[in-house]
Structures are given as structure tokens and as C-alpha cells.
2 protein chains.
Amino acid sequence: MLEARLEQANILKKVVDAIKDLVQDCNFDCNDSGVALQAMDNSHVALVSMMLKAEAFSPYRCDRNIALGVNLTSLTKVLRAAQNEDVLTMKAEDAPDSLNLVFESSDNDRISEYDLKLMDIDQEHLGIPETEYAATIAMPAAEFKRICTDLAAMSESVTIDASKDGIKFSCNGDIGNGAVTLRSHSNVEKPENNVDIELTEPVALTFSLKYLVNFCKASALSNQVKICLSNEVPLLVEYNLSGSSYLRFYLAPKIGDEE
Amino acid sequence: MLEARLEQANILKKVVDAIKDLVQDCNFDCNDSGVALQAMDNSHVALVSMMLKAEAFSPYRCDRNIALGVNLTSLTKVLRAAQNEDVLTMKAEDAPDSLNLVFESSDNDRISEYDLKLMDIDQEHLGIPETEYAATIAMPAAEFKRICTDLAAMSESVTIDASKDGIKFSCNGDIGNGAVTLRSHSNVEKPENNVDIELTEPVALTFSLKYLVNFCKASALSNQVKICLSNEVPLLVEYNLSGSSYLRFYLAPKIGDEE
DNA sequence: TTCTCGTTGT
DNA sequence: ACAACGAGAA
């Protein structure tokens, strides 16, 4: 039996909004440590990995492993019914055929209750190897979003160069070329604006901007985003939520010099 | 001869927007008490009743009864020419074949004048019986709209249960079930957020969400909406405009347990 | 189907 | 106050 109360229904709403265009159906795997989700996008180029730790809920109770097979479009419809400040309680049986979601307005004058039908989904649970990345960049999520959407206006793909001088996003398109270079800097006054680059060796890789722009829908979840790169390995884009919960996106680099 | 000056052309614009999808052609019945409109929708399931009292205009003058047979699509096109803050003056002869509409910008720098051709419409003037409703709910128009659109995402129809505990909107759909429950409450600080339930006996009726969503286009006209229910009787959804003018929608309940 | 307007969220 | 999203109109 699962019972999980989330003070801000908003969080789940934003998480689902950020991944629903990549993944249609997926399991929410619940156990005593929290709620996890892992899914590849349809074209198997990107992978989403979410972890909402038990600490993100209060209370949280989940005696045994439960897989909630959810259609994210349907879940979006239900979550759309949540007002901004609603408290969300999710409940499910041990072998559930539906997920119960209750939204309570903070003043308790309105209660919305939904039962979402579940489905059986074959889990292709991919163990994601813990990688030591050659380059790890932390930067404002809004800035990363801005760069991706700006460059997406010119080109299909972006090359990310991480060197000790800084990080450079560049693209070549029909109407011209573009490049944005960031140098690491920190400001004690506004740590959310910091750009931090940790590097063991220079890396340059090319990625589809369409996917990156998609990942950036998660920008509202966190001030900062972490971007991790190594040669031959998928890019990791990570948004940290409160209490070591996270939303991570992996994207395989484009290989060769394909456009 | 009719001459009616409306300080905010916007009002008429919103009213016509709210009903033009239900009704194509209808009479604006003008007399010394104001401008009235009554029409059934094409499928004869819903009825619209509007009353713009003479006090809503300044000045207002209408010596004798005049029926202005208007095509609402055409009227919409004309009203679209009104800027938000324009003052609208409508004029018509006693036996008019056209309606004259003049829009004046508040600073008098621009005057737009339109003549809308009228048509003869056979009036099926339905006397609407004054009903004592078993349940009368007043609530924020925006909240009613929210509930209707949320539930419409899941189902074709909604069941409204009014009891002394509160009012419950529930639906059953392919992807699951949903229900929103409101308790009555009032806040002197924000009376526009009040939910007020007056009940002589519990009522539960089922209605088409498509129509309700349509009615909710009128939400911009008033902070609050009034919902009146009785068994065996059409639902009344009422938006009150300034000075006891109103826009009312009636909707016959779904009978039996048709999906 | 594309564009514009209005609404909501940041 | 600005930007993004969704809804409605052309």
C-alpha cells in the first residue's frame, strides 16, 4: 500500500510536464525509499530518470514495491486539475489497477479526487552506470534554457565545448552560425547565477537541440542545472529538487559529423 | 426609435461571444425597460436568456417595442471592431432594417460607425417559468469554469450533487474518475471567492459538460456565478451583470443513465 | 492549419 | 514586467 502526501502538487505537475513529451507510458516505481521513474524516449536517444525521495513527502508510506503503470497524458489531464497551492495525496493498493489522487486546497474548502486507471508496462529497467564525467558544469537553469532555445532557432544541433577557459555552445545553420561562451564565475550574493566548471579533460560533443530544449521544460524546478559530459558517453542534464530528489535527462551524442 | 449608449462596448462583446456558439440568429427585444434576448440552441437542449436593463445604458431611450433580428456571427464581426475601452451607441428605427452601431474611443479621437443588416426572425418566445430551485449555489465563476474544463478532460458529462455538506461535481471517463467537492465558505475580505449553498432538499443531476464549458465563456462578465438545480427541471447558470442585468443559461439534465 | 489574443507563470 | 502556453479566430 502506497500513501504519499506532497505539500506542493505543483512539483509533480512540473515533473510530468517536463517528461510527457518524451515518454508516453511509464512505471512509477514506489518502494520505501521513494518514487522512481526511468524511461527511454520513443526513439531511444534520450533517457529520463526521476527520483522523488521519501523525504519529499510527508507522510510517506510504502510497505512493498509497487509499480504504477501510468499513461502520462492521462496523468497530465488529472494534474491539470490541481490548483497551484494544492496539497496532493497519492494512494494505491499493493497490486493496484488505479491510482487515487486527492487535491486539497490549503483552506480545505475544496477537495478534488481522481482515480486514474493504471496499465501494465513491461519495464526495460536500465541500470545507469555511475560515470565519472570529464566535465561537469553547473549553471543557471534559465540561462541554459535561453541558450538552447536561441540556438535551436538556427540549427538542429549544438556542439558543447568544455575547456578550462569556459564552456562554449555553438551551432551551424542555414542562416548562419551561433556560439555562446560562458566563463565560470561565482557571486556570493547571487549563488543561483553561478557558473561552475569542473574539468579533468577538455570535451567537445554534439547533441540534438530538439531534445535539449525539451529537457529545459524542467527549468522551473530548479534554479541551477548540472551538465555532465564525457566522450563516448551520453550527456547528463540534472535538475536537483529539494532533499536530494532529482530529475535527470540523458542524451546520446551525435556521432561523426552528421549535420 | 432606439438609442442606447453603453459605456463599455466590451460588455456586449463578451455577452455575444458567450452565446454565439449556441445560437446563430436571434432577436434583441428592446422596450423601455431594456434589451432582452431569449433563444434556444440548435439542438433545443439549452436556452439562453439575456437582459440588459435600461439602467445599464446611459442614456437609454426606446419608445416602443422593437425587435432587432440579428445574426450573431455578423454582430461578432462588427463588435470585433470595438477597442477595449470604446463607448458603444446603438441606434435603430421603429421598424428597422438595420442596426446602427457607433464606437467612440474614450478620448474621442476615433469614431467607427457600422450599420448591421437585420433580419426577420420568427420568435419562439418561451415563457420561462419562475422556479423555486431545490438548490442554489453561488461560487466564483472562475472556479466553476475550472471545474468544468478539468472534468471535460475526462468525460462527456458531469453529475452535480448538492447536499447540505457541499456541492460535488463528479464524472466517470475512460482514463479514470474525477470528483471535485466544494464546501460553502465566506470570507469578508474576498467576497468574490465565497461559495454559498442554499438548499431545501438534496439534488443530484447529470449534465453535458460540453454545454457547461460553453456557458463558462461568460465567466469574464462576472466574478460569481449562480447555479440553480431542481429535479426534473433544467439547470440554471446565471451571471449577474451590473444593475440587475443578467445572462442566464438553462440546460436540460441528461435523463436515465445514458453515458 | 496557422496566426493572434488572452491568460498564467516566472 | 516579460515570457511561455493554451485557446480561439482566420
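Quick caveat: nothing in here was measured; it's all calculated off a predicted structure.
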query: Considering all heavy atoms of both residues, which atom of A:S43 and which atom of A:Y211 are nearest to each other, and what is their separation?
result: OG-OH, 2.5 Å
query: From A:I111 CD1 over to B:R183 CZ, what is the distance, rounded to the nearest 0.5 angstrom?
result: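 Here the interatomic distance stands at 8.5 Å.
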- prompt: Atom CZ of A:R146 to atom P of D:dA3: distance rounded to whole Å?
  reply: 8 Å
Could you write out each protein N or O paired with an N or O of nucleotides 2-6 of chain C at a distance under 3.5 Å?
none

query: Taking B:D86 as the fixed residue, which of B:Q8, B:R110, B:K13 is the one that meets the side-chain hydrogen bond (donor to acceptor under 3.5 Å, both in side chains) rule?
result: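 Exactly one option meets the side-chain hydrogen bond (donor to acceptor under 3.5 Å, both in side chains) with B:D86, and it is B:R110.
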Distances under 3.5 Å between nitrogen or oxygen atoms of protein and nucleotides 6-10 of chain D:
residue, atom, partner, partner atom, Å
D:dA9, OP1, B:K20, NZ, 2.9
D:dA9, O3', B:R80, NH1, 2.7
D:dA9, O3', B:R80, NH2, 3.4
D:dA10, OP1, B:R80, NH1, 2.1

Classify the side-chain pair [X]/[Y] by whether it contains a donor and acceptor separated by less than 3.5 Å.
| X | Y | answer |
| --- | --- | --- |
| B:Q24 | B:N42 | yes |
| B:T206 | B:T159 | yes |
| A:D25 | A:N71 | yes |

- prompt: Checking all strands, does A:K13 fall into the base, sugar-phosphate, or nothing category for heavy-atom contacts under 4.0 angstrom?
  reply: nothing
- prompt: Under 30°, 30 to 60°, or over 60°: which ring-plane class applies to B:F144 and B:F169, parallel, tilted or perpendicular?
  reply: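 B:F144 and B:F169: tilted rings.
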field: Pair B:R5 + B:E7, salt bridge at N-O below 4.0 Å
entry: yes
